[in-house]
Amino acid sequence: MTTVGLLYPGHAAEDDFPRTEILLDTDIRLPLFSTGTGEDAYRADALREQGASARIAEGVEELRLAGAEALLWASSGGSFGQGWEGAHEQVATLARSAGLPASSTSIGFVHAVRELGAGRVAVAAPYPQDVTGLFVEFLASADVEVVAAASGGAVSSAEAGSWEPERVKRLAREADHPDAEVVLIPDTSLHTTAYVPELEELLGKPVLTANQVTVWEGLRLSDRRTWAPMLGTLFATREPVLRRLEPKGIEVRE
């Protein structure tokens, strides 16, 4: 059995993870602890507060007792909101306090893009434009080029958690760009687990969503590889499938 402990902020789309367990249909377990969030707002200051070390550490002992072999801070904004260096300090602190390997959703996005061998991405984010910009900056720090980005304008995780699949698909289509090899849909507050293959068919390219990436990153830390194409290309890839292209400029669309 492989057990990945998830530290998830508040309540929005945490039911995606039991669904993922069912779709994996293996001995993989994803126990989840909901951490406190403070103010539920998609603003830079609120996201930094959400990702404070003390908040993240709330559920560590419970997840250790559940048998976690690795821990994931299952938050996009609560990790990229700290900036590149801050996000790495965040998970390093978590790993030291837990005595376990640790990572976060935003760092997982970078590893997943590299796994697919991609160099150019588009970002379809539910956030306001300024918060989407923070994610674009985070990716740029890892040499991931964002060729286009679209912002959905949601102001909180509660709002994003209420989005229907068609709204997510509409945003993904708006964000997509011919030069993008992969489309990234950040925010663990979005329900996306049930229809990643639909998104990939719609766009004709791999799609990385926050909850999908969170689970994949936890399994990567646990040295566990599993074949699960119902969770998208990321879970159906044994070798990088895309070639790296030369950088182009960033186009941001709202």
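Residues take their numbers from the sequence shown, with the count starting at 1.
- In terms of modelled atom types and a separation under 3.5 Å, the side chain of Ser75 and the main chain of Pro9 share no donor-acceptor contact.
- Here the closest non-hydrogen pair linking Pro206 and Leu116 is CB-CD1, 3.9 Å.
- In the hydrophobic clustering of this structure, Leu199 groups with Val183; members are Ile, Leu, Val, Met, Phe, Trp, Tyr whose side-chain heavy atoms approach within less than 4.5 Å, directly or through other members.
- With contacts defined as side-chain heavy-atom distances shorter than 4.5 Å, the pair Val155/Tyr42 does not qualify.
- Annotation: side chain of Val215 is in contact with side chain of Phe235 (closest heavy-atom distance under 4.5 Å).
- For the pair Lys205 and Asp176, the salt-bridge criterion is met [side-chain N within less than 4.0 Å of a carboxylate O].
- Rounding to the nearest 0.5 Å places CG of Leu24 at 5.5 Å from CG of Leu231.
- A salt bridge is absent between Glu174 and Arg167; no separation between the charged side-chain nitrogens and carboxylate oxygens falls under 4.0 Å.
- Of the possible donor and acceptor atoms, none in the side chain of Gln50 sits under 3.5 Å from a partner among the backbone N and O of Thr37.
- A donor-acceptor pair is defined here as one N or O able to donate and one able to accept, closer than 3.5 Å; no such pair exists between the side chain of Glu14 and the backbone of Leu32.
- Donor-acceptor pairing under 3.5 Å is lacking for the side chains of Thr192 and Asn211.
- In this structure, Gly10 and Ser34 approach most closely via the heavy-atom pair O-OG, 3.2 Å.
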* Step by step, work out the side-chain contact (heavy atoms from CB on, under 4.5 Å) result for Val168 and Leu190. => CA-CA 8 Å; Val168 178; Leu190 291 175; 4.3 Å; yes
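- Contact annotation: the side chain of Leu202 approaches that of Arg173 to within less than 4.5 Å [non-hydrogen atoms, C-beta and beyond].
- With hydrogens and angles ignored, the 3.5 Å screen pairs no side-chain donor or acceptor of Gln90 with any backbone N or O of Gln82.
- Of all non-hydrogen atoms in Ala13 and Ser189, the two that sit nearest each other are CB-O, 3.4 Å.
- Closest heavy-atom contact between Pro31 and Val4: CD-O, 3.4 Å.
- Within 6.0 Å of CZ in Arg19 there are 12 or fewer heavy atoms belonging to other residues, nucleotides or ligands.
- In this structure a side-chain-to-backbone donor-acceptor pair under 3.5 Å is missing from Glu62 to Phe33.
- Between the side chains of Thr105 and Thr214, at least one donor-acceptor pair of N or O atoms lies under 3.5 Å.
- Leu208 and Val196 are not part of a single hydrophobic cluster, where members link through side-chain heavy atoms under 4.5 Å apart.
- Listed for the His191 side chain is no donor-acceptor partner under 3.5 Å among the backbone atoms of Trp163.
- Between the side chains of Ser103 and Glu217, at least one donor N or O sits under 3.5 Å from an acceptor N or O.
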* To do: I would like to know whether Ile107 and Phe138 meet side-chain contact (heavy atoms from CB on, under 4.5 Å); could you show each step before the answer?
  => CA-CA 9 Å; Ile107 293 173; Phe138 182 89; 4.2 Å; yes
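- Checked by atom type and distance alone, the side chain of Thr35 never pairs as donor or acceptor with a backbone atom of Arg55 at under 3.5 Å.
- Annotation: side chain of Val213 is in contact with side chain of Leu234 (closest heavy-atom distance under 4.5 Å).
- The pair Arg224-Asp27 meets the salt-bridge criterion, with a side-chain N (NZ, NE, NH1 or NH2) lying under 4.0 Å from an Asp/Glu carboxylate O.
- Taking the six-membered ring where the residue is Trp, the centroids of Phe109 and Phe135 are separated by under 6.0 Å.
- Using a 4.5 Å heavy-atom threshold, the side chains of Thr193 and Asp15 count as separate.
- Classification of Glu115 and Arg220 as a salt-bridged pair fails, no side-chain N sitting under 4.0 Å from a carboxylate O.
- Val146 and Phe80 fall within the same hydrophobic cluster, where Ile, Leu, Val, Met, Phe, Trp and Tyr residues are linked whenever their side-chain heavy atoms come under 4.5 Å apart, directly or through other members.
- Panel note: side chain Asp187, backbone Ala125; no donor-acceptor pair is recorded below 3.5 Å.
- Contact check for Leu71 versus Pro101: no side-chain heavy atoms found under the 4.5 Å cut-off.
- There is a side-chain donor-acceptor pair under 3.5 Å between Glu200 and Thr233.
- Tracing side-chain contacts under 4.5 Å through hydrophobic residues (I, L, V, M, F, W, Y), one reaches Val110 starting from Leu47; they form part of the same cluster.
- Looking only at side-chain heavy atoms (C-beta outward), Val113 and Val144 come within less than 4.5 Å of each other.
- Contact of the Arg225 side chain with the Leu219 side chain is not registered, since no non-hydrogen atoms from C-beta on lie closer than 4.5 Å.
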* To do: Take Ile28 and Glu21, measure what side-chain contact (heavy atoms from CB on, under 4.5 Å) needs, and give me the verdict at the end.
  => CA-CA 7 Å; Ile28 293 168; Glu21 279 192 3; 5.7 Å; no
* **Stepwise side-chain contact (heavy atoms from CB on, under 4.5 Å) test for Ile185 and Leu171** => CA-CA 9 Å; Ile185 304 179; Leu171 182 65; 6.0 Å; no
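- Listed for the Trp73 side chain is a donor-acceptor partner under 3.5 Å among the backbone atoms of Gly78.
- Taking the six-membered ring where the residue is Trp, Phe17 and Tyr8 present perpendicular rings, their angle passing 60° and hence far from 30°.
- Of the residues listed (Glu164, Glu201, Glu198), the one engaging Lys169 in a salt bridge (charged side-chain N to carboxylate O under 4.0 Å, His left out) is Glu198, and it is the only one.
- Closest approach of Ala172 and Ala124 over heavy atoms only: CA-CB, 3.8 Å.
- When all heavy atoms of Pro197 and Gly232 are compared, the closest pair comes out as CG-N, 4.4 Å.
- Within 6.0 Å of CD on Glu61 lie more than 12 heavy atoms contributed by other residues, nucleotides or ligands.
- Side-chain heavy atoms closer than 4.5 Å link hydrophobic residues (I, L, V, M, F, W, Y) into clusters, and following such links, even through other members, never connects Leu94 to Leu30.
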